[in-house]
Amino acid sequence: DGLFGTVADLLRIEGGMAAAVEAALAGAAEYVVVRDVATAMKAMDHLAAGAAGRATFVPISEISKFPVEPVPAALLSEDGVLGAALDFVRTDEAEHRALAAFLLEGCVVVRDLAAALALSARPESRELVFVTARGEMCAASALLSGGRTGDEQAGLLRRVERLEVAQREVAALERSLEEAREAEGAASRETEAAQSRARGAQEEAERGEAGLWEAKRRATELELTAASLSDRVAGLVSRRDSLAARVAETKGEIEGLAA
């Protein structure tokens, strides 16, 4: 249908820079990305007809008409500069990469607000915007943005980042859970075999006097082995249950983030 989702849906942020990139986008994270102008107009008509609200649309087909200037290499080597904001963004499609470059043109991530203020004061930084890892922003136009909302994870890009982390954690937990189940099964089978051998040794001792003490000693050793294996199985069951609980808890968090 030509609708690709929001900008935040299409960008993956690396290096823990979600707050910085979100500040650099300045609200564009919620823009809706569409194939072309016709798709945008159709979507706007739909919103208007149902009084369903407003949205800003970015037609991918128009991006190439606006050349993007890279951040000067000399500036990127300055003390306190961590990189161009685009350097911390990954996308699955080349056209989405072009979208990120368009929206983040002239945005530079720096160490702190002091570095942002110092760099933005330079004449050559007139067209640039500087952001910190905490999400503070400073531009040559004397605009400053910063502070805290009380919920440091409320931003759309930061929610996406947390969602991806939670999904990776679930995958790792599920692998651990499967390994725990396999170990539990192997230990249970080993326990049953040891118990069977112990019963056989006891029966052997009861059948004759010859070698009675040796048979009893062997039966006792096998019973101890079986008891130790039973304890191991109990520990594995406990670990399995704990992993299952963590999987369920993390999946619940994912559902909350995706809502």
Side-chain angles (χ1 to χ4, degrees), residues 1-71 82-109 127-129 131 133 135 137 139 145 149 151-171 250-259:
D1 57 3
L3 294 171
F4 300 122
T6 66
V7 168
D9 292 332
L10 305 180
L11 307 185
R12 298 195 309 279
I13 313 304
E14 299 184 339
M17 293 296 174
V21 174
E22 196 162 59
L25 288 171
E30 298 182 14
Y31 290 177
V32 179
V33 183
V34 296
R35 179 184 296 115
D36 49 35
V37 173
T39 304
M41 293 177 65
K42 182 179 179 181
M44 286 189 288
D45 288 342
H46 176 76
L47 290 175
R54 297 174 61 85
T56 300
F57 297 89
V58 185
I60 285 287
S61 62
E62 304 301 299
I63 296 297
S64 61
K65 298 178 181 179
F66 301 92
V68 174
E69 292 292 332
V71 175
L82 304 181
L86 185 63
D87 294 339
F88 299 98
V89 175
R90 296 291 177 270
T91 61
D92 293 328
E93 305 291 340
E95 59 186 9
H96 298 162
R97 182 69 178 177
L99 168 71
F102 171 72
L103 294 174
L104 294 171
E105 181 180 14
C107 295
V108 183
V109 181
E127 302 299 325
L128 302 177
V129 173
V131 295
M137 184 272 289
S145 176
T149 63
D151 183 359
E152 298 306 305
Q153 304 301 328
L156 189 55
L157 280 175
R158 277 170 281 184
R159 287 183 63 192
V160 171
E161 183 180 53
R162 288 176 62 207
L163 180 59
E164 291 176 348
V165 169
Q167 288 171 333
R168 289 195 294 272
E169 184 179 353
V170 164
T250 307
K251 283 185 175 179
E253 181 181 355
I254 287 174
E255 291 175 0
L257 288 169

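Computed over heavy atoms, backbone and side chain alike; hydrogens, waters and symmetry mates excluded.
The shortest heavy-atom contact between Gly53 and Leu47 is O-CB, 3.5 Å. Scanning all heavy atoms of the two residues, the minimum distance from Val131 to Ala20 falls at CG2-O, 3.6 Å. Between Ile63 and Ala98, the closest heavy-atom pair is CG2-O, 3.7 Å.
Note: Phe4 CZ to Thr39 OG1 = 7.5 Å, rounded to the nearest 0.5 Å.
The closest side-chain heavy-atom distance from Lys42 to Val34 is not below 4.5 Å. Counting heavy atoms from C-beta on, the side chains of Leu10 and Thr91 never come closer than 4.5 Å. Side-chain atoms of Val89 and Ile13, non-hydrogen and from C-beta on, do get closer than 4.5 Å to each other. Residues Glu30 and Thr6 form no side-chain contact, since every pair of their non-hydrogen atoms from C-beta on lies 4.5 Å or further apart.
A salt bridge (charged side-chain N to carboxylate O under 4.0 Å, His left out) check over residues 91-103, counting only residues at least two apart or in different chains, returns the pairs Arg12-Asp92. Residue pairs meeting the salt bridge (charged side-chain N to carboxylate O under 4.0 Å, His left out) criterion with at least one partner in residues 45-67, sequence neighbours excluded, are Glu62-Lys65.
Considering Val68, Leu86, Leu25 in turn, Leu25 is the only one that fulfils the side-chain contact (heavy atoms from CB on, under 4.5 Å) rule with Leu103.
No donor-acceptor distance shorter than 3.5 angstrom exists from the side chain of Glu69 to the backbone of Glu105, with no hydrogens or angles considered.
Every residue was checked against the salt bridge (Lys or Arg N to Asp or Glu O under 4.0 Å) condition with Arg35, not counting sequence neighbours, and none meets it.
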